[in-house]
Amino acid sequence: MDCEITTARPGDAAAISALVLASCRKFVFPGMADQGREALEKLYSQANLSDVMHKGGEILVARDGNVLLGAAAMRASDRHVFLLFVDERFHRSGLGRKLM
């Protein structure tokens, strides 16, 4: 797979949110309590991700042309990875490792 890892732009927030929440709905949310689901939906919302970027937080994205394949982000304050998701079609391809 040939992809480019770059810093996300504020306009990427909607695509990142869509990718992350789709993955959460399939792999994370089943069996999760409503409160946990709501917290993650808020954390990974377009508005929150835009806010993270506007406040200087860096989100990395993997792209193949204009297609978003994955994203990763770390809190600057304590270097905690709070977002690492790869489109299901590219699981086990090494893309997550590249993003880290």
Side-chain angles (χ1 to χ4, degrees):
M1 166 190 24
D2 189 31
C3 71
E4 179 181 22
I5 309 287
T6 62
T7 301
R9 300 176 297 268
D12 293 328
I16 296 167
S17 178
L19 170 77
V20 170
L21 290 173
S23 188
C24 282
R25 286 183 190 104
K26 181 162 186 174
F27 299 108
V28 180
F29 292 169
M32 182 180 245
D34 290 344
Q35 184 178 7
R37 238 185 342 266
E38 290 167 6
L40 288 180
E41 286 174 343
K42 182 177 178 184
L43 176 65
Y44 298 138
S45 69
Q46 177 182 348
N48 189 59
L49 295 176
S50 289
D51 192 47
V52 166
M53 288 186 268
H54 281 98
K55 291 181 177 176
E58 185 175 40
I59 298 176
L60 297 178
V61 293
R63 298 178 204 279
D64 183 4
N66 289 327
V67 179
L68 183 71
L69 307 178
M74 192 179 305
R75 284 192 311 234
S77 62
D78 60 0
R79 308 296 289 170
H80 171 81
V81 175
F82 75 92
L83 185 153
L84 176 59
F85 288 88
V86 173
D87 184 304
E88 181 181 7
R89 297 171 295 169
F90 301 97
H91 284 185
R92 304 189 96 24
S93 68
L95 185 54
R97 212 175 353 266
K98 286 181 182 180
L99 283 163
M100 286 305 293

Between atom [atom1] of [X] and atom [atom2] of [Y], what is the distance when rounded to the nearest 0.5 Å?
| X | Y | atom1 | atom2 | result |
| --- | --- | --- | --- | --- |
| Lys98 | Leu69 | NZ | CG | 10.0 Å |
| Leu60 | Met100 | CG | CE | 9.5 Å |
| Arg63 | Thr6 | CZ | OG1 | 4.5 Å |

For the hydrophobic clusters of this structure (ILVMFWY residues joined by side-chain heavy atoms under 4.5 Å, transitively), does one cluster hold both [X] and [Y]?
| X | Y | answer |
| --- | --- | --- |
| Val28 | Phe82 | yes |
| Leu21 | Leu84 | no |
| Val86 | Met74 | yes |
| Leu95 | Val81 | yes |
| Phe85 | Leu40 | yes |

Legend entry - Candidate list Leu99, Leu68, Leu19, test side chain to side chain contact (heavy atoms under 4.5 Å, CB included), partner Val61, passing option: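 The single option meeting the side chain to side chain contact (heavy atoms under 4.5 Å, CB included) with Val61 is Leu68.
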
Legend entry - Listed partners of Phe27 passing ring-ring contact (aromatic ring centres under 6.0 Å, His included), at least two apart: His91

Inset, instruction - Determine whether more than 12 heavy atoms belonging to other residues, nucleotides or ligands lie under 6.0 Å from atom CG of Asp78. - result: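 Enclosed.
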
Inset, instruction - Kindly write out the residues that satisfy side-chain hydrogen bond (donor to acceptor under 3.5 Å, both in side chains) with Thr7, not counting sequence neighbours, or none if the list is empty. - result: Glu58

Inset, instruction - Output every pair passing side chain to side chain donor-acceptor pair (under 3.5 Å) with a member in residues 35-50, not counting sequence neighbours, ordered by first then second residue. - result: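 Of all non-adjacent pairs touching residues 35-50, those that pass side chain to side chain donor-acceptor pair (under 3.5 Å) are Asp34-Arg37.
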
Inset, instruction - Taking the side chain as every heavy atom from C-beta outward, state whether Leu49 and Leu83 have any pair of such atoms under 4.5 Å apart. - result: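 With C-beta onward as the side chain, the pair touches.
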
Inset, instruction - Answer yes or no: is there a side-chain heavy-atom contact under 4.5 Å between His54 and Pro10? - result: yes

